[in-house]
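So the structure is just underneath, and the comments pick up after that.
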Protein chains: 2
Amino acid sequence: MSTERENEHPASRGGAAFLLAQLGAHAAQRFADRVAELDLTPAQAGLLRLLAQAPGHSQRELADMLGMPPSRFVPFADGLQERGLIERRRKPGDRRVHALRLTDEGMELLARLRTVARAHEEDVCQALSPDEHQQLIGLLRRIADQQQLTPGVHVGYRRLR
Amino acid sequence: MSTERENEHPASRGGAAFLLAQLGAHAAQRFADRVAELDLTPAQAGLLRLLAQAPGHSQRELADMLGMPPSRFVPFADGLQERGLIERRRKPGDRRVHALRLTDEGMELLARLRTVARAHEEDVCQALSPDEHQQLIGLLRRIADQQQLTPGVHVGYRRLR
DNA sequence: TGATAATGATTACAGATTGGAACGATTGTC
DNA sequence: GACAATCGTTCCAATCTGTAATCATTATCA
């Protein structure tokens with residue numbers, strides 16, 4: 001047949017998966033721009049959030065959660081430690097592990113980070129009414145649940161292969 | 001106040017922006033896995049799609065659309081050319097530019113690519129009913145329009161800084 | 001017309017980023 | 001008490017990055 005349906009939607013832009021990838025990358029980039037004003041990368045911000053909600057993890061576990069190899073995690077954490085945002089403590093029970101914790105300064109920065117995140121959320125969803133905003137969150141969570149994604153982790157810090 | 005609302009949504013996972021970034025990265029990764037079976041990277045797949053819907057572009061323009069510097073575009077296109085998927089033709093009017101086109105073989109692969117993309121779409125939105133699926137696309141398009149995103153391009157081929 | 005600037009494709013290259021392997025220190029196993 | 005496993009760390013080679021220089025072609029314009 002000559003009239004093959006090449007454009008299912010005329011002047012379309014792909015389905016939900018492509019839109020998701022595109023908007024996700026764009027949102028991530030905007031977030032990166034915002035946290036850059038706090039001298040943070042998204043991964044650094046992710047670690048701070050992680051330490052706040054689950055302190056005392058080993059570096060290996062944290063590296064896993066952020067999706068980076070332990071070898072790279074070391075200089076990564078070094079930077080935050082030198083800035084006085086986190087601290088390494090030998091875990092009393094197991095002196096191999098360095099349990100990481102937020103310092104007071106780190107918690108202050110985290111507070112500012114939360115403000116930035118709220119502004120970011122508003123920015124991204126500016127085009128939607130409050131109802132639609134909640135609707136979108138509902139749909140996205142359904143997908144996230146079904147794909148078994150860990151909450152708030154692996155937010156694209158890993159590279160695409 | 002001691003009862004500061006640290007968790008606005010109990011056991012929450014962030015707002016729409018975070019979900020978007022997370023799901024987008026996840027969807028992009030799954031797509032990367034799928035197209036890898038065709039020996040393609042997402043960027044290569046993107047170029048094929050681009051050439052199909054707008055042939056005859058210069059390399060510089062294409063590099064721009066994909067978000068990569070022209071210098072990197074050259075070896076990038078070389079690979080596809082060596083595999084016989086695209087061909088370079090001197091543009092008659094302006095012999096500086098290499099107008100890129102899909103070969104027949106490239107168009108065949110693109111057909112398979114479309115099948116993969118459809119399966120990917122279904123996979124990502126598996127958790128949603130057809131109605132909800134359309135609902136999601138509508139919401140995402142609203143956001144994409146408001147953020148003035150070019151359709152189908154820049155799907156995260158760029159790196160985060 | 002002819003000189004000069006601008007553009008496209010390509011190459012060259014130096015710097016950053018990547019993950020795996022190896023290494024000491026410590027702990028679990030038996 | 002010997003041996004394997006784990007954690008943090010260092011080392012390193014391979015890859016990937018973008019900028020600048022280069023060559024060919026075209027536009028500008030006096």
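Any value given below was found using the heavy atoms of this structure, including those in side chains, with hydrogens, waters and symmetry copies removed. Chain identifiers are assigned alphabetically (A, B, ...) following the order of the sequence lines, protein sequences preceding nucleic acid strands; residue numbering begins at 1 within each chain.
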- Item | Atom-pair distance (CG on A/D64; P on D/dT6), nearest Å | 13 Å

- Message: Looking at A/R88, I'd like to know whether one of its side-chain N or O atoms comes within less than 4.0 Å of OP1 or OP2 on D/dT9.
- Response: yes

- Message: Less than 4.0 angstrom between a side-chain N/O of A/R95 and OP1 or OP2 of C/dT27, yes or no?
- Response: yes

- Could you state the CG-C1' distance from B/L62 to C/dA9, rounded to the nearest angstrom? 13 Å

- How close or far is atom P of C/dT7 from atom CZ of B/R60, stated in whole angstroms? 9 Å

- Message: Which heavy atom of B/R101 sits nearest to which heavy atom of B/P55, and what is that distance?
- Response: NH1-CB, 3.7 Å

- Does the pair B/D39/B/R83 count as a salt bridge with the N-to-O cut at 4.0 Å? no

- B/F73 has an atom CZ; how far is it from atom P of D/dC16, in whole Å? 17 Å

- Message: Reading DNA chain D from 5' onward, which residue's closest nucleotide shows up sooner: B/K91 or A/P75?
- Response: A/P75

- Could you state the atom-to-atom distance from NE2 of A/H57 to C1' of D/dT6 in whole Å? 17 Å

- Pairwise distance CG(A/L102) to CG(A/L51) - rounded to 0.5 angstrom: 5.0 Å

- Task: To the nearest Å, give me how far apart CD (A/E61) and P (D/dT6) are.
- Result: 13 Å

- Set of side-chain contact (heavy atoms from CB on, under 4.5 Å) partners for B/R88, sequence neighbours left out: B/Q59, B/V74, B/A77, B/D78, B/Q81, B/H98, B/L100

Extract from the structure each pairing of a protein N or O with an N or O of nucleotides 19-24 of chain D at less than 3.5 Å, listing the distance.
residue	atom	partner	partner atom	Å
D/dT19	O4	B/S71	OG	2.8

- Hey, what do you get for OG1 (A/T115) to CG (A/L110), rounding to the nearest 0.5 Å? 9.5 Å

- Message: Measuring from atom CZ of B/R30 to atom CG of B/L23, what distance do you get when rounded to the nearest 0.5 angstrom?
- Response: 11.5 Å

- Find the distance B/R90:CZ to C/dT7:C1' and express it as a whole number of Å. 13 Å

- Query: Side chain of A/E121, backbone of B/A17: donor and acceptor closer than 3.5 Å?
  - Reply: yes

- Item | Nearest-angstrom distance from the residue atom CE of B/M68 to C1' of C/dA9 | 15 Å

- Side chain of A/H98 only, please: which of D/dT25, C/dT11, D/dG8 is the nearest? D/dG8

